[in-house]
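Contents: one structure, followed by commentary.
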Amino acid sequence: MRFLAVLSTLVTAIVMAPPASSPVASDAPDVVTRTAGVRSAAGEENSPPPPTGDPRIIRPGARLTTVFDGGCVLTAGDAADRRGNVFFTDLTPTNQCHDRQGHAEAGVIFRYNTADRGTTVFRSPSGQANGLEFDANGNLVVAESADYGGRRVTRTDMRTGKSVMLAGQYQGRPLNSPNGVSIDERGRIYVTDPRYEGAETVDQPVEGVYRIDPDGSIHRIIVNAAKPNGVLVSPDQRTLYVTDFNTGILDTHRLTPQELASVPPVQMTLWAYPLHADGTVGQRRALVGYLPHLGADGLAADVNGNLYAAVRDTQAPGIRVYDPQGRELARIPTGNLLPTNAEFGTGHEANVLYITAGKGLYRIVVNSRGYHLPASEQGGATP
């Protein structure tokens, strides 16, 4: 999710959509005045092509609509709570996002309220929050990245607002830059730890994937993904999906735009790892390869186990839907905007897909319904 922010300095897309009937949710107007089409950094408009693919997923006539378009450079990590609120992060690279006095911004977690269709700041500074996920108790788990961020994983009790640190080190050394997060039905948390930018030292020998157990212990379970980014536990709990988004760069801040543009992508693969009952993984298999183009970032799943991958291919950016064998089922283009994540809504919006892309948050009604962790008996409430 956090990577090459220079590629995301496109002006937020605002896309009009005609209403579509739905037994669960409809494409009603959202919160802000919209402008037709996608507007690039140069100001021109370019409406995304319509979604295409399997009619069990793609709804005829459905289009992206704008929920929010006020981010700095790169929104990411959207996650829906049990009440239907959608939380998402605004990554604020310190070399690009400043206030009028020149102070670097310190990251934001936003909350979109589906009831009143308003977006408000949930928390700032955010520790440069990146990936978000709600656990079975309704608590918010946050991967805080580098670039003067927390470099840790935290959990916020949504009833009290208090947070605890779940992990910040491994073998006595700080994590690189926690990025993506997913939780299995046993309460174990899976976190990717690449590094894309930040002045901090790189203290881990690999950019790996870690598992945080309910007892507080942390385990490095994957070392053979070159730069793991997105992560997702499959609905059947048998597979751990990891997106490998290796740009060949450890810190975008220290390179010029010309240097950044000259570095070709190294590894762009969606991996599938067998997930064992003890939380370890087996031998990986390549589900989708993207080279020579840029690959996938964040992931979501529907109740049938299909994957919704935010693909940052500059020639065809958007959400690509795959079955568990890696066969492409559908595409939801995002125009000129590079997506970072996808997340299904909850409750009456179980068939609404929320997408972070560019500087904004977008939504589209689909025919599939999203998978979320079953709620525990303890539950959890959002204030």
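Predicted model, so just to flag it, every value in this text is computed and none were measured. Worth knowing before you read on, the calculation uses all heavy atoms, side chains too, and leaves out hydrogens, waters and symmetry mates. For reference, positions follow the sequence shown, starting with 1.
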Subject >> Set of residues satisfying salt bridge (Lys or Arg N to Asp or Glu O under 4.0 Å) with respect to Arg327, sequence neighbours excluded >> reply: Asp323
Subject >> Asp313/Arg320 ion pair, N-O < 4.0 Å >> reply: yes
Original post:
Below 4.5 Å, heavy atoms only, C-beta onward: do Leu299 and Asn341 meet side chain to side chain?
Top reply: no
Original post:
Which hydrophobic side chains are connected to Val206, either touching it within the sub-4.5 Å cutoff or through other members that do?
Top reply: Val223
**OP:** Could you tell me whether the side chain of Thr243 and the main chain of Gly230 form a donor-acceptor pair under 3.5 Å?
**Re:** yes
Original post:
Looking at Thr94, Thr252, Asn95, which one forms a side chain to side chain donor-acceptor pair (under 3.5 Å) with Glu197?
Top reply: Thr252
Original post:
Using the benzene-type ring in the case of Trp, are the ring centres of Tyr362 and Phe68 under 6.0 Å apart?
Top reply: no
Subject >> Over all atoms of both residues, closest heavy-atom pair of Ser182 and Val231 >> reply: CB-O, 3.6 Å
Subject >> Contact check, side chains of Val311 and Ile319, non-hydrogen atoms, under 4.5 Å >> reply: no
Subject >> Any side-chain donor near an acceptor of the partner, Asn367 and Arg59, under 3.5 Å >> reply: yes
Original post:
Below 4.5 Å, heavy atoms only, C-beta onward: do Ile222 and Val242 meet side chain to side chain?
Top reply: yes
Original post:
Does Asn351 reach the main-chain N or O of Val366 with its side chain, forming a donor-acceptor pair under 3.5 Å?
Top reply: yes
Subject >> Contact summary for Asn139 and Arg155, nearest pair of heavy atoms >> reply: CB-CG, 3.7 Å
Original post:
Looking just at side-chain N and O atoms, do Gln237 and Arg186 make a donor-acceptor pair shorter than 3.5 Å?
Top reply: no
Original post:
Can you list every pair that meets disulfide (SG to SG under 2.5 Å) and has a residue in residues 236-340, with sequence neighbours left out?
Top reply: none
Subject >> With sequence neighbours excluded, residues passing ring-ring contact (aromatic ring centres under 6.0 Å, His included) with Tyr241 >> reply: none
Subject >> Sidechain-backbone polar pair: His372 side chain, Gly345 backbone, donor-acceptor under 3.5 Å >> reply: yes
Subject >> Side-chain ion pair, Asp81 and Arg83, N-O less than 4.0 Å >> reply: no
Subject >> Side chain to side chain, Leu91 and Val73, heavy atoms closer than 4.5 Å >> reply: no
Original post:
Is the shortest heavy-atom distance from the side chain of Ser376 to the side chain of Glu185 under 4.5 Å?
Top reply: no
Original post:
Sequence neighbours excluded, which residues qualify as salt bridge (Lys or Arg N to Asp or Glu O under 4.0 Å) partners of Arg254?
Top reply: Asp251
Original post:
Is the backbone of Asp193 close enough, under 3.5 Å, to the side chain of Asn176 for a donor and an acceptor to pair up by distance?
Top reply: yes
Original post:
By salt bridge (Lys or Arg N to Asp or Glu O under 4.0 Å), which residues pair with Arg284, not counting sequence neighbours?
Top reply: none
**OP:** Kindly write out the residues that satisfy ring-ring contact (aromatic ring centres under 6.0 Å, His included) with Tyr170, not counting sequence neighbours, or none if the list is empty.
**Re:** Tyr210
**OP:** Provide the closest heavy-atom pair for Ala129 versus Thr89 in the form atom of the first, atom of the second, distance.
**Re:** O-CB, 3.4 Å
Original post:
Looking only at atom types and distance, does a side-chain atom of Thr334 sit under 3.5 Å from a main-chain N or O of Leu338, one as donor and one as acceptor?
Top reply: no
**OP:** Please answer whether the main-chain N or O of Ala80 pairs with a side-chain N or O of Thr346 as donor and acceptor at a distance below 3.5 Å.
**Re:** no
**OP:** First locate atom NE2 of His293, then atom CE of Met268, and finally report the distance between them rounded to the nearest 0.5 Å.
**Re:** 12.0 Å
Subject >> Any side-chain donor near an acceptor of the partner, Asp184 and Tyr190, under 3.5 Å >> reply: yes
**OP:** Could you tell me whether the side chain of His219 reaches within less than 4.5 Å of the side chain of Asp213, counting heavy atoms only?
**Re:** yes
**OP:** Answer yes if the side chains of Tyr273 and Gln283 hold a donor-acceptor pair under 3.5 Å, and no otherwise.
**Re:** no
Original post:
Going by the disulfide (SG to SG under 2.5 Å) test, which pairs reach into residues 129-215, not counting sequence neighbours?
Top reply: none
Original post:
Just by distance, do the side chain of Thr154 and the backbone of Ser163 share a donor-acceptor pair under 3.5 Å?
Top reply: no
Subject >> Phe88 vs Arg111 side-chain heavy atoms within contact, under 4.5 Å >> reply: no
Original post:
Any idea which heavy atoms bring Phe344 and Gly370 closest together, and the distance?
Top reply: CG-CA, 3.2 Å
**OP:** Sequence neighbours left out, what passes side chain to side chain contact (heavy atoms under 4.5 Å, CB included) with Glu259? Give chain and number order.
**Re:** Leu255, Thr256
**OP:** Can you see which heavy atom on Tyr308 is nearest to which on Ser368, and at what distance?
**Re:** OH-OG, 2.6 Å
Original post:
What's the verdict on side-chain contact (heavy atoms from CB on, under 4.5 Å) for Phe110 and Val86, showing C-alpha distance, side-chain angles and the deciding distance?
Top reply: CA-CA 8 Å; Phe110 283 105; Val86 178; over 6 Å; no
**OP:** With sequence neighbours left out, write down each residue that passes salt bridge (Lys or Arg N to Asp or Glu O under 4.0 Å) with Glu343, or none if nothing qualifies.
**Re:** none
**OP:** Compute the ring centroids of Phe87 and Tyr112, then answer whether they are less than 6.0 Å apart.
**Re:** no
Original post:
Taking atom types as modelled, is there a side-chain donor on Tyr290 or Asp244 under 3.5 Å from an acceptor on the other?
Top reply: no
Subject >> Check: Thr156/Arg123 side-chain N/O donor and acceptor closer than 3.5 Å >> reply: yes
Original post:
So, does Gln128 use its side chain to make a donor-acceptor pair with the main chain of Thr92 at under 3.5 Å?
Top reply: yes
Original post:
Quick check: does any side chain N or O of Thr269 sit under 3.5 Å from a backbone N or O of Trp271, one acting as donor and the other as acceptor?
Top reply: no
**OP:** Look only at the side chain of Lys227 and the backbone of Ile249, and say whether a donor-acceptor pair between them is shorter than 3.5 Å.
**Re:** yes
**OP:** Sorted by first residue and then second, give each disulfide (SG to SG under 2.5 Å) pair with at least one member in residues 89-162; sequence neighbours left out.
**Re:** Cys72-Cys97
Original post:
Do the non-hydrogen side-chain atoms of Gln204 and Arg173 ever get within less than 4.5 Å of each other?
Top reply: yes
Original post:
Applying disulfide (SG to SG under 2.5 Å), which residue pairs with at least one partner in residues 266-333 are found, sequence neighbours left out?
Top reply: none
Original post:
Would you say the side-chain atoms of Thr356 and Thr340 include a donor-acceptor pair closer than 3.5 Å?
Top reply: yes
Subject >> Closest heavy-atom pair and its distance - Gly305, Pro324 >> reply: O-CG, 3.5 Å
